[in-house]
Amino acid sequence: MTSNLITNSTEVHPISLRVMRLFKNGFRVNLNALCEPDDVCSDLFLSNYNEPFGLSSFLVLPATPGKLHLGEEFTCYLSLYNSSSFDVFSISIKAKLENTNNSVFLVDGPNSQIAKLKPKDNNDFLVSHTIKELGKYGLSCIVSYTKMDGEKKSFKKSYEFHVVNPFEINYQYQNLINQILVTVSLKNATISPMLLEYVKFIPRHCFGVTDLNTNINDMPQGVSSRISKIKFLKGGELRQFCFRLDQQQDQEIEFRNSENLGKIEICWKKTMGEIAILIEEPILRKPPQRQEIELILIDTPTEIILEQPFNVTCEIKNRSLSILSPKISFIRNKMKGVICVGISGQLIGSLAQNCSKRITLSLFAIKPGLQTIAGLRVELSNDRKFDFDSLADILVLTNCNSE
């Protein structure tokens, strides 16, 4: 163990306890120039290059046991050795791993009992536990035994070590209409390369998730994310993953009000093949403020041509606790690439609580390219006004593009 040893006594005992953490040697890594399968030269490069991971045939012995990372398996040997010249009886050992929040016994019970240990004999225990929390950990070992004269003795040893996160993870989310886009930035915070097995999003029950990293035409069904064939993440390298959350059936209220979106699960391997799984803390968001009136774009034409009128279908919904009589108006100075055609200030009619009504708007595109439908205002009888300056983005084609 590379940690501080704490003993409760200076007494010399006939039995000694050695605690050794298992740490494997590594390969010497060459930082080669790699390319992704989507690159132009990927076929030539990947077909003639058999070491994309950058590994040589040389092994490197560890100078220190290294850091323990979140999600890894903590494995160590506990070795009891009788260094005296007489037998020791009724030996038992208890090993407890604990941090500030939890504790777990790694060795305890009948399997940790030894009836007799002869001189110069030893008895070993192999213990392991998956690390699921960051911070400082303590491994406490208590050994009790009985001497030949019947005197009972015990001693305790404690070891401390720290657990760090192998990744730097940042989240961004964007609230859309009945959808949420979540972007995850994943950076290898270690100095060693690693292999990403998968990165997936585990949503709450009110959300359905779509992995936007998947290339549907190229990847088999059920693959969590489109990580490259190499799956190589160098030390300090960063990658991004995007997921779309949709509303589950009959979960509208919880979809809108839930702060907890879900968790990210990451599975990776080190150079010697040690596998680790990390489940991050829940991703939290600030739910969008709920307005009394909602205006949602329901349907648009499959093709929108420059300087040709077209119709769109919108849905207006009453989210208040009373009956409303809204009217829709157009704000001309907020309309840039798309303008509304028709009479401003049309009465929509009476809307009861949680009821909706569909309306058709006539629009006219005056600029090509990606344009925003904006400049719509819903007014209520109590003089309250709700502006919708980014109802949707549409692609406007010229006559040449349509042909």
Item to complete: Apply side chain to side chain contact (heavy atoms under 4.5 Å, CB included) to L68 and H162, showing your working.
Response: CA-CA 7 Å; L68 190 64; H162 290 266; over 6 Å; no

Table please: side-chain donor-acceptor pairs of residues 181-188 below 3.5 Å, with sequence neighbours left out.
from	atom 1	to	atom 2	distance (Å)
S185	OG	Q240	NE2	3.1
N188	OD1	T190	N	3.0
N188	OD1	T190	OG1	2.7
N188	ND2	S192	O	2.9
N188	ND2	L233	O	3.2
N188	ND2	K234	O	3.1

Practice prompt. With side chain to side chain contact (heavy atoms under 4.5 Å, CB included) as the test, would you mind laying out the steps for I93 and F125 before giving the verdict?
Written response: CA-CA 10 Å; I93 180 173; F125 300 86; 3.8 Å; yes

Worksheet item: Are the side chain of N318 and the backbone of A352 linked by a donor-acceptor contact shorter than 3.5 Å?
Response: yes

Worksheet item: Judged by atom type as modelled, is there a donor-acceptor pair below 3.5 Å linking the side chain of N122 to the main-chain atoms of S79?
Response: no

For a quick test of your reading: what N or O donor-acceptor pairs under 3.5 Å do the side chains of residues 359-373 make, sequence neighbours left out?
from	atom 1	to	atom 2	distance (Å)
S362	OG	N311	OD1	3.0
Q371	NE2	P368	O	2.7
T372	OG1	D393	OD1	2.7

Worksheet item: Is the closest side-chain heavy-atom distance between L397 and E303 below 4.5 Å?
Response: yes

Identify every side-chain donor-acceptor pair in residues 128-144 under 3.5 Å, counting partners at least two apart or on other chains, and give the distances.
from	atom 1	to	atom 2	distance (Å)
S128	OG	E73	OE2	3.4
T130	OG1	E73	OE1	2.8
E133	OE1	N99	ND2	3.3
E133	OE1	N101	ND2	2.8
E133	OE2	N102	ND2	2.5
Y137	OH	N99	ND2	3.4
Y137	OH	E133	N	3.3
Y137	OH	E133	O	2.9
S144	OG	S92	OG	2.5

Discussion item. Counting neighbours of CD on E281 that are heavy atoms of other residues, nucleotides or ligands and sit closer than 6.0 Å, is the number greater than 12?
Written reply: no

Worksheet item: Could you walk me through whether S329 and E379 pass the side-chain hydrogen bond (donor to acceptor under 3.5 Å, both in side chains) check?
Response: CA-CA 7 Å; S329 303; E379 302 180 28; 3.2 Å; yes

Worksheet item: For the residue pair S356 and L351, what are the closest heavy atoms and their distance?
Response: C-CD2, 3.9 Å

Practice prompt. Would you give the length of the straight line joining atom NZ of K94 to atom NZ of K156, rounded to the nearest 0.5 angstrom?
Written response: 12.0 Å

Worksheet item: Tell me, do I114 and L80 make a side-chain contact under 4.5 Å, heavy atoms counted?
Response: yes

Practice prompt. Over all heavy atoms of both residues, which pair between A276 and G71 is shortest? Give the atoms and the distance, please.
Written response: CB-O, 3.4 Å

Worksheet entry | Side-chain donor or acceptor of R285 paired with backbone N/O of S258 under 3.5 Å | yes

Item to complete: Keeping the roles fixed (side chain from E72, backbone from H69), state whether a donor-acceptor pair exists under 3.5 Å.
Response: yes

For residues 330-340, run the donor-acceptor check on the side chains, cut-off 3.5 Å, and write out each pair with its distance to 0.1 Å, sequence neighbours left out.
from	atom 1	to	atom 2	distance (Å)
R332	NH1	M335	O	3.2
K334	NZ	D387	OD2	3.3
K334	NZ	D389	OD2	3.3
K336	NZ	N333	O	3.3

Item to complete: Check whether any side-chain N or O of K269 sits under 3.5 Å from a backbone N or O of L196 as a donor-acceptor pair, and report yes or no.
Response: no

Worksheet item: Would a line drawn from the ring center of Y145 to the ring center of F89 be shorter than 6.0 Å?
Response: no

Worksheet item: Closest approach of E265 and I202, non-hydrogen atoms and distance?
Response: OE1-CD1, 3.2 Å

Response to the item:
Rounded to the nearest 0.5 angstrom, the OG1-CD1 distance for T398 and I305 is 8.0 Å

Worksheet entry | C314 to L297 - nearest heavy-atom pair and separation | SG-CD1, 3.8 Å

Discussion item. Taking the ring of W268 and the ring of Y198, is the distance between their centroids below 6.0 Å?
Written reply: no

Discussion item. Just so I know, are the side chains of F243 and N213 near enough to count as touching, which here means a heavy-atom distance under 4.5 Å?
Written reply: yes

Worksheet item: If you look only at pairs with a residue in residues 164-174, which of them pass as a side chain to side chain donor-acceptor pair (under 3.5 Å), with sequence neighbours excluded?
Response: N165-E280

Practice prompt. Could you tell me if the ring centre of F241 sits under 6.0 Å from that of F201?
Written response: no

Discussion item. Working to the nearest 0.5 angstrom, can you tell me the gap between K96 NZ and L106 CG?
Written reply: 11.0 Å

Discussion item. With a 4.5 Å cut-off on side-chain heavy atoms, are N260 and L284 touching?
Written reply: yes

Discussion item. Please find the pair of heavy atoms, one from H13 and one from F155, that lie closest to each other, and give the distance.
Written reply: NE2-CB, 3.5 Å

Discussion item. For P301 versus V312, what's the shortest heavy-atom pair and its separation?
Written reply: CD-CG1, 4.3 Å

Discussion item. Just checking K286: does its NZ atom have more than 12 heavy atoms from other residues, nucleotides or ligands closer to it than 6.0 angstrom?
Written reply: no

Discussion item. Between F105 and E98, is there a side-chain heavy-atom distance shorter than 4.5 Å?
Written reply: no

Discussion item. Show, in sequence, the C-alpha distance, side-chain angles and deciding distance for I15 and Y81, and conclude whether the side chain to side chain contact (heavy atoms under 4.5 Å, CB included) test is met.
Written reply: CA-CA 6 Å; I15 292 182; Y81 176 68; over 6 Å; no

Item to complete: Show the numbers, then the answer: is there a side chain to side chain contact (heavy atoms under 4.5 Å, CB included) between I266 and I277?
Response: CA-CA 6 Å; I266 308 166; I277 298 177; over 6 Å; no

Fill in: Main-chain N/O of K118 paired with N82 side-chain donor or acceptor, under 3.5 Å
yes

Practice prompt. Give every residue pair that meets the salt bridge (Lys or Arg N to Asp or Glu O under 4.0 Å) criterion with at least one member in residues 306-321, sequence neighbours excluded.
Written response: E252-K317, E252-R319, E294-R319, E315-R358

Worksheet item: Going by heavy atoms in the side chains, are L347 and S325 under 4.5 Å from each other?
Response: no

Discussion item. Atom CD1 of residue position I298 - does it have more than 12 heavy atoms of other residues, nucleotides or ligands inside 6.0 Å?
Written reply: yes

Item to complete: Working to the nearest 0.5 Å, report the span between CD1 of I293 and OG of S320.
Response: 6.5 Å

Discussion item. When you compare the side chain of V19 with that of Y77, does any pair of heavy atoms fall below 4.5 Å?
Written reply: no

Item to complete: First locate atom NE2 of H205, then atom CZ of F255, and finally report the distance between them rounded to the nearest 0.5 Å.
Response: 12.5 Å

Item to complete: Taking atom CD of Q249 as the centre, report whether more than 12 heavy atoms of other residues, nucleotides or ligands fall under 6.0 Å from it.
Response: no

Worksheet item: When you measure from the side chain of T146 to the backbone N and O of E151, does any donor-acceptor pair fall under 3.5 Å?
Response: no

Discussion item. Any side-chain to backbone donor/acceptor pair from K357 onto I348? Under 3.5 Å, distance only.
Written reply: yes

Worksheet entry | Heavy-atom side-chain contact between F310 and I394 under 4.5 Å | yes

